[in-house]
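Step one of this worksheet: look at the structure below.
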Amino acid sequence: MGDKRQRERKTARRERAKRAQRQRRLTADQCTNLLWDADAAWNQRDYEHARRLLEKILHIRPNHRTAHERLAELHFTAGRSEAGLTHYDRLSQPPEWPVLTYQAAVANARLARFDRSRPLLDEFLKATSRQPEFKPLRASARALRQEWARLARQH
């Protein structure tokens, strides 16, 4: 009798694991499809639709890295520094696109958070040190870092 119960529990445990794995796969597929749709909307310059799709992804998976990165960029580009920083701050690692770090630094400076801006500029400069395509932006970052250091001393 005990062996039968043990087998039933083991079978039930296996079934639960299979259902959970299937659900994770469905969720991942759903997020991937929404991300593709958001990219398509972004490329068509329908930023509002892209934002809604990215927010749907975050509703499904609140820590979805790519959705946070894209929403941060979307808000920074639209001049909504606070909203962009909310998403940028949710990233556990530096973003894949280093320009986003630069944009976060600028957003912090716009909000007079110079103490948070300088480390981001340093991070951007370090991340792009061997990438010649970022040379003009690096020069801008160095100039901004000097200017904001001066402004921070005045505050």
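Excluded from the calculations below are hydrogen atoms, water molecules and symmetry mates; all remaining heavy atoms, backbone and side chain alike, are included. In this text the structure is predicted, and so the values were computed from the model without any measurement.
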Consider only side-chain heavy atoms of I, L, V, M, F, W and Y, link residues closer than 4.5 Å, and tell whether [X] and [Y] are in one cluster.
X	Y	result
Trp97	Leu121	yes
Leu91	Phe76	yes
Leu100	Leu85	yes
Trp36	Leu54	no
Leu35	Leu74	yes

Close side-chain approach of [X] to [Y], heavy-atom, < 4.5 Å:
X	Y	result
Asp37	His49	no
Leu137	Phe124	yes
Thr77	Gln103	yes
Ile60	Leu34	yes

(request) Can you label the angle between the His87 ring and the His75 ring as parallel, tilted or perpendicular, going by 30° and 60°? (result)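 Ring orientation of His87 relative to His75: parallel.
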(request) Specify whether Trp42 and Tyr47 have parallel, tilted or perpendicular ring planes, treating 30° as the upper limit for parallel and 60° as the lower limit for perpendicular. (result)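 The rings of Trp42 and Tyr47 stand perpendicular, inter-plane angle above 60°.
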Atom [atom1] in [X], atom [atom2] in [Y]: separation rounded to 0.5 Å?
X	Y	atom1	atom2	result
Leu26	Gln21	CG	CD	11.0 Å
Arg90	Glu69	CZ	CD	13.5 Å
Glu48	Leu53	CD	CG	10.5 Å

(message) Do the side chains of Glu82 and Arg113 get close enough for a salt bridge, i.e. N-O under 4.0 angstrom?
(response)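 A salt bridge links Glu82 with Arg113.
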(message) What I want to find out is whether Arg116 reaches Asp89 closely enough, with some N-O distance under 4.0 Å, to be called a salt bridge.
(response)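 Looking at Arg116 and Asp89, the cut-off is met.
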(message) Restricting to salt bridge (charged side-chain N to carboxylate O under 4.0 Å, His left out), what partner residues turn up for Asp39, sequence neighbours left out?
(response)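 Here the qualifying residues are Arg70.
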(request) Test Asp122 against Arg145 for side chain to side chain contact (heavy atoms under 4.5 Å, CB included), laying out the working first. (result) CA-CA 8 Å; Asp122 292 340; Arg145 188 172 62 175; 2.5 Å; yes
(request) Report the C-alpha distance between Thr66 and Ile57 in whole Å, list the side-chain angles of each, state the deciding distance to 0.1 Å, and finish with yes or no for side chain to side chain contact (heavy atoms under 4.5 Å, CB included). (result) CA-CA 10 Å; Thr66 306; Ile57 293 171; over 6 Å; no
(message) Quick one about Gln131 and Arg138 (side-chain donor to acceptor, distance below 3.5 Å, no hydrogens or angles considered), yes or no?
(response)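 No.
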(message) Under 3.5 Å, is there a donor on one side chain and an acceptor on the other for Ser140 and Tyr102?
(response)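 Looking only at side-chain atoms, Tyr102 and Ser140 do form a donor-acceptor pair, the distance falling under 3.5 Å.
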(request) Locate the shortest heavy-atom distance separating Ala109 from Ser117; write the atom from each residue and the value. (result)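 In this case the closest contact between Ala109 and Ser117 is CB-OG, 4.0 Å.
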(request) Begin with the C-alpha distance, continue with both residues' side-chain angles, and end with the deciding distance and a verdict on side chain to side chain contact (heavy atoms under 4.5 Å, CB included) for Tyr88 and His68. (result) CA-CA 7 Å; Tyr88 184 85; His68 278 297; over 6 Å; no
